[in-house]
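Input: a single structure, listed below in structure tokens.
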Amino acid sequence: MAVFLRFLFAMIFLAVVGKTYAQAAEEEELTADAENEEDPKEILRLMDKNGDGKLTFQEIFDEVMGSEDGEGEEQASEREEFRAKLQKHFTASDSNGDEALDEDELKKLVMALENDEEEL
């Protein structure tokens, strides 16, 4: 059940962030409501554990996947699969190589993860 909830959170996170950028690209600006709910700054605020305005690989992974407590073999496999995908796309999205994603880099990460899912 915990794995399902983590997966659901991950999908909601991707949907919220992806929707934000799709709207921005299509409409050239976000509505006030969307800015409050889906603004990358808000997502950063919610997930940024050290408050530096950027997301590290570990901050994203921990927030999406949560703790390993009570995981079975299948959940551990899903966790490692997600870790590999996130690492691949995180590295590619980290334009300045500082091992932390700012808003623009976060946008790249989300787009890459969405494209990865579409290919499946």
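From a predicted model like this one, the values you see are computed outputs, not experimental measurements.
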[X] [atom1] to [Y] [atom2] distance, which is reported to the nearest 0.5 Å:
X    : Y    : atom1 : atom2 : value
L109 : E114 : CG    : CD    : 10.0 Å
L113 : M111 : CG    : CE    : 11.0 Å
S93  : L101 : OG    : CG    : 6.0 Å
L44  : D102 : CG    : CG    : 8.0 Å
L55  : D94  : CG    : CG    : 11.5 Å

By salt bridge (charged side-chain N to carboxylate O under 4.0 Å, His left out), which residues pair with [X], not counting sequence neighbours?
X    : result
K49  : E63
D52  : none
E80  : R83
K108 : none

- Query: Is the closest basic N to carboxylate O distance between K85 and E81 below 4.0 Å?
  - Reply: yes

- Task: State which residues pass side-chain hydrogen bond (donor to acceptor under 3.5 Å, both in side chains) with E74; sequence neighbours excluded, sorted by chain then number.
- Result: none

- Compare all side-chain heavy atoms of N50 with those of D48 and state whether any distance is below 4.5 angstrom. yes

- Query: Heavy atoms, side chains only, cut-off 4.5 Å: are L86 and M65 in contact?
  - Reply: no

- Message: Just checking E73: does its CD atom have more than 12 heavy atoms from other residues, nucleotides or ligands closer to it than 6.0 angstrom?
- Response: no

- Quick one: side-chain contact (heavy atoms from CB on, under 4.5 Å) partners of T91, sequence neighbours excluded? Q87

- For A112, enumerate each residue passing the side-chain contact (heavy atoms from CB on, under 4.5 Å) test, keeping only those at least two apart in sequence or located in another chain. H89

- Indicate the ring-plane relationship of F90 and F57, choosing parallel, tilted or perpendicular according to the 30° and 60° boundaries. perpendicular

